[in-house]
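All remarks here apply to the structure that follows.
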Amino acid sequence: MSKKQAILIDVDSVTKNGRTIIRLILKRKGMFKLYDRTFYPYFYIETEERIEKGLYNGIEIISVEEVVKKIEGQERKVKKVTCSDPREIQVLSKMLESFGKTYEKDIRFNRRYLIDKGLKPMNTVEIEYEGKFVKSIRDVGEKIDVNTLNFLSFDIEVYNPYGIPREDEDQAIIISYANKDGSGAITWKNCGVKNTKVVKNEKEMIDEFCNVLRENEVDVLSGYNSSVFDIPYLKARANAVKTKLKLGRGDSSPKINKVGMTTHVKIEGRVHSDIYYLIRILAAAQAIKLQRHTLEEVYKELIGGPEWKVDMLSIYQMWDDEKRRGDLVRYGIKDAEATYEIFEKIFPLQVEMARLIKIPLSMISGSTTGQMVEALLMDESFKRGYMIPSRPSGYAANERYSKPIQGAYVKLPQPGIYENIVVFDFRSLYPSIITSHNIDPYTINCTHKECKTGANKAPNGNHFCTKTQGLVPSAIKNLLELRKKVKAELKNAEKKEDWKLASTLNARVAAMKIILNTVYGMLNYPRSRWYSRECAESITAFGREYVQEVGRKAEEKGFNVLYSDTDSIFILLGNKTQEEALEFMKDVNHHLPETMELELENIYKRGLFVSKKQEKETGAKKKYALITKEGKIKIRGFELVRRDWSKIAKDTQLAVLKAILEEGSREKALQIVKDTVQRLSSGKVPKEELVIYTQLRKANYEVLSPELSAVEKARSRGMNIATGAIIGYIITKKGKTVSEKAELIDFAADYDSEYYIDHQVLPAVMKIIGELGYTEEDIKYSGKQGSLSDWM
DNA sequence: AAATGACGGGG
DNA sequence: GTGTACGTCATTT
């Protein structure tokens, strides 16, 4: 028997000799694996029927134990049925369903293990083991610093003569990487860039990159969107040049699993961390607010610094041009460095998230924040002896989807261009409402007389118990208290100038903020275990009251409330000063409950507001664009930055927004659109600006779309296009319907200017200038005066 | 009006 | 892996 302490990197399960057992990935000096055969899967059933251990219809029941669990607030006797393999849980629980209601049969085996054993991923564990098998395991805190792990970030560049690279034909040309010691690249043509190894060909480049991973003993490999692009592409290229992509320890190739809509990459013996997933989580939780989440945009936001972008579509030209090849390699290295810098900043967050909610790192990518909050509540329920509710069936979830609740308060803006806008945000509005009014599925409409009228009576009529704290409020309260503590520690660390500790603590605070902000969403999310329409409605009802109250106060003080949505208020400075606005904020905060705070989001020099009628009852759409004094633009709701829109439509839209925000000139905006329309009409717009890209995602289609029509025509001409390919097409003059007119770039002889004007440029810009008084006629009949000047 | 199918990131 | 995003938009039927 041996005893060791190590970092618990990952927990998953493997099937060996017909039995599924827990596998632990641990790190001490190197990574190593251990297996736990002592842990068995189980579920609960509420029944008086006798259930015996032994074989039941071919499934082995290992034990049946009577236990007491709290179900919907009531203590009840249930039977804990343990069987030998997690794959049998579903089958067995279904077979026993006629005996009584079954519970906790849809909790993943590795999550169950972490919850039941009280283990936190990325913490240090003490294990006793014999051979490869665990005898006992326990959490001993954060003894071993996760920064002892070896990190490396990478990026690849790919030849792309067709705009979008085709993995069977277009070679990978550069692999760049960065870690704490610096950065470098591997390529296979001379480029004269230092720290760059030039090998003979693509195959050698791939092999060399695998060597770099091995030599650096990389524990955590990070990339930007690497699960979807870099790793699958490299794997396909390795295949094409007859080598193996040995990214894993033990020279294994990465496993690429497409799970639903997300792609997971598993690299044996290493953690694969796709920064992009984390960024999306931060974005969903509104911890970062960006219009796009490209590597460059994210870098600018999180790290800052100069731009380094190259035009993606010219990558193949740079590669072919000896003089520009060096620039391309330097660009690749810069991408890898940027990825590494972002990784350094974000990995602590991933670690803290894993610790906080007890889900393994590998499961964080691909989890929604709602699932994370669920994970937290599952742990909390286990500790309290509460039965964990099941996920709703598809049918039940659909029922819930069909009945959306009354959402937040929205005051729609009068469309137009405004100057000097002050934006205030409520910090943690919903979490504070939940704790201060004890909003919870287990405390709602309790039977105590005195609870029916007090402070916990929501404006929509529901009331919440004033005696017993609910599960959700207590989880939030723990988090808020923990956050307070960590914030104090953070201050201390900053005073001592311990930046390493400060960054970990910062990440911990951010992780808690994300979780906190998602709790409401989880109560309102139809697929959630703790979905509660009544709770969600009560929260928004309280929220509406608080926000409207601030709006009323602002108007009383003589400010104009331009726009208000959920937890934010946009006020016009008018003839008042910034100081007066801040004074107002202070005054509001003075009267708010302790956990609630109105914060200054920013002050904007100019803003464009477009009002859109409510489409669903859940709320109106946010549609605005703002610019700060420093020229930083913030855009909401105009998103047209997608590859299935032509460049000309996207470029014109951005130019129009900029003209309005930077110069405040709608006349100039109109002129930009007129010029574009004229240029399209002239027939002289180059192909590149007209291409619409789209992916052929299915093998069989039910309807003939433009892209499919273009592909079928190309196929009939002998071109080979596989499912999954991303194709570029242009709408030409030949044909009647859009589909008939669509041709792949290679076959497009002309373009249909009417289509590009009416279906690309105008829809893109009318969203913006349409409500500023211009009509399509103002643009199209460009010889005439605009209608506005006719009237004025 | 309903159904179908694509977007995100990466090159 | 004791699972299977999501909210929105254009085009076709």
Side-chain angles (χ1 to χ4, degrees), chain A residues 12-15 20 41-43 83 85-94 102 104-112 155-167 170 172-174 223-233 257-264 274-277 279-280 283-284 292-295 297-298 310-316 319 328 332 335 339 363 366-371 390-391 394 401 525 527 615-616 618 621 637 639-645 692-698 701-709 726 737-739 742 759-760 763:
Chain A
D12 60 7
S13 57
V14 283
T15 305
T20 308
Y42 62 88
F43 65 95
C83 58
D85 197 293
R87 290 168 301 176
E88 291 171 342
I89 289 283
Q90 290 293 344
V91 188
L92 183 64
S93 62
K94 196 132 230 158
T102 56
E104 299 200 5
K105 55 195 192 274
D106 58 351
I107 298 166
R108 270 167 59 170
F109 198 34
N110 57 345
R111 287 266 313 119
R112 181 91 266 178
D155 180 50
I156 70 169
E157 306 307 323
V158 162
Y159 199 65
N160 59 345
Y162 276 78
I164 284 179
R166 306 153 298 172
E167 60 179 25
D170 298 327
I173 51 185
I174 301 159
Y224 199 85
N225 202 25
S226 44
S227 324
V228 176
F229 182 72
D230 302 67
I231 290 176
Y233 204 94
N257 289 324
K258 283 191 179 148
V259 181
M261 307 250 154
T262 50
T263 308
H264 293 248
D274 188 338
I275 307 297
Y276 175 61
Y277 271 123
I279 294 296
R280 292 294 296 271
R292 303 198 67 187
H293 304 105
T294 60
L295 176 62
E297 291 294 322
V298 170
V310 306
D311 172 23
M312 273 214 184
L313 293 176
S314 63
I315 283 175
Y316 76 101
W319 175 251
L328 181 63
D335 267 3
T339 305
M363 275 171 72
S367 293
T368 61
T369 47
Q371 287 164 330
S390 296
R391 287 238 175 92
Y401 271 118
Y525 173 53
R527 310 175 83 92
E615 282 174 4
K616 281 186 194 169
T618 45
K621 273 201 269 161
E639 288 87 355
L640 212 133
V641 272
R642 313 171 25 144
R643 66 171 170 225
D644 58 352
W645 280 83
I692 298 162
Y693 291 101
T694 198
Q695 189 181 21
L696 220 53
R697 305 223 274 202
K698 300 181 68 173
Y701 285 90
E702 311 226 348
V703 293
L704 187 75
S705 56
E707 59 268 29
L708 184 61
S709 159
I726 297 164
T737 63
V738 182
S739 285
H759 293 268
Q760 292 280 322

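Letters A, B, ... mirror the listed sequences (proteins, then strands); counts begin at 1.
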[X] [atom1] to [N] [atom2], straight-line distance once rounded to whole Å:
X	N	atom1	atom2	result
A:Arg292	B:dG9	CZ	P	5 Å
A:Glu167	B:dG10	CD	C1'	12 Å
A:Tyr277	B:dG10	OH	C1'	12 Å
A:Tyr224	B:dG8	OH	P	13 Å
A:Asp335	B:dG10	CG	P	8 Å
A:Phe229	B:dC7	CZ	P	15 Å
A:Lys698	B:dC7	NZ	C1'	16 Å
A:Glu104	C:dT2	CD	P	15 Å

- Give a yes or no on whether a donor-acceptor pair under 3.5 Å exists between the nucleobase atoms of B:dG9, that is its base, and the side chain of A:Arg642. no
If you check the [X] side chain, which of [options] turns out closest?
X	options	result
A:Val228	C:dT2, B:dG10, B:dC7	B:dG10
A:Arg527	C:dT2, B:dG9, C:dA5	C:dA5
A:Tyr525	B:dG9, C:dA5, B:dA6	C:dA5
A:Glu707	B:dA6, C:dT2, C:dG7	B:dA6

Under-3.5 Å N/O pairs linking protein and nucleotides 10-13 of chain C:
from: C:dT11; atom 1: OP1; to: A:Tyr755; atom 2: OH; distance (Å): 3.0
from: C:dT11; atom 1: OP2; to: A:His759; atom 2: ND1; distance (Å): 3.4
from: C:dT12; atom 1: OP1; to: A:Ser739; atom 2: N; distance (Å): 3.1
from: C:dT12; atom 1: OP1; to: A:Ser739; atom 2: OG; distance (Å): 2.6
from: C:dT13; atom 1: OP1; to: A:Leu704; atom 2: N; distance (Å): 3.2

- Query: When we call it a touch if two heavy atoms are under 4.0 Å apart, what does A:Ile107 touch: a base, just sugar-phosphate, or nothing?
  - Reply: base
- Query: How is A:Asp106 classified with respect to the nucleic acid when contacts are heavy atoms under 4.0 Å: base, sugar-phosphate, or nothing?
  - Reply: base
- Message: Using atom C1' in both nucleotides, what's the gap between C:dA5 and B:dG5 to the nearest angstrom?
- Response: 16 Å
- Item | Under 3.5 Å: donor-acceptor pair, side chain of A:Asp106, backbone of A:Ser390 | no
- Query: Has A:Tyr701 got more than 12 heavy atoms of other residues, nucleotides or ligands less than 6.0 Å from its OH?
  - Reply: yes
- Message: If only side-chain N and O atoms count, and only distance matters, is there a donor-acceptor pair under 3.5 Å linking A:Asp274 with A:Ser227?
- Response: yes
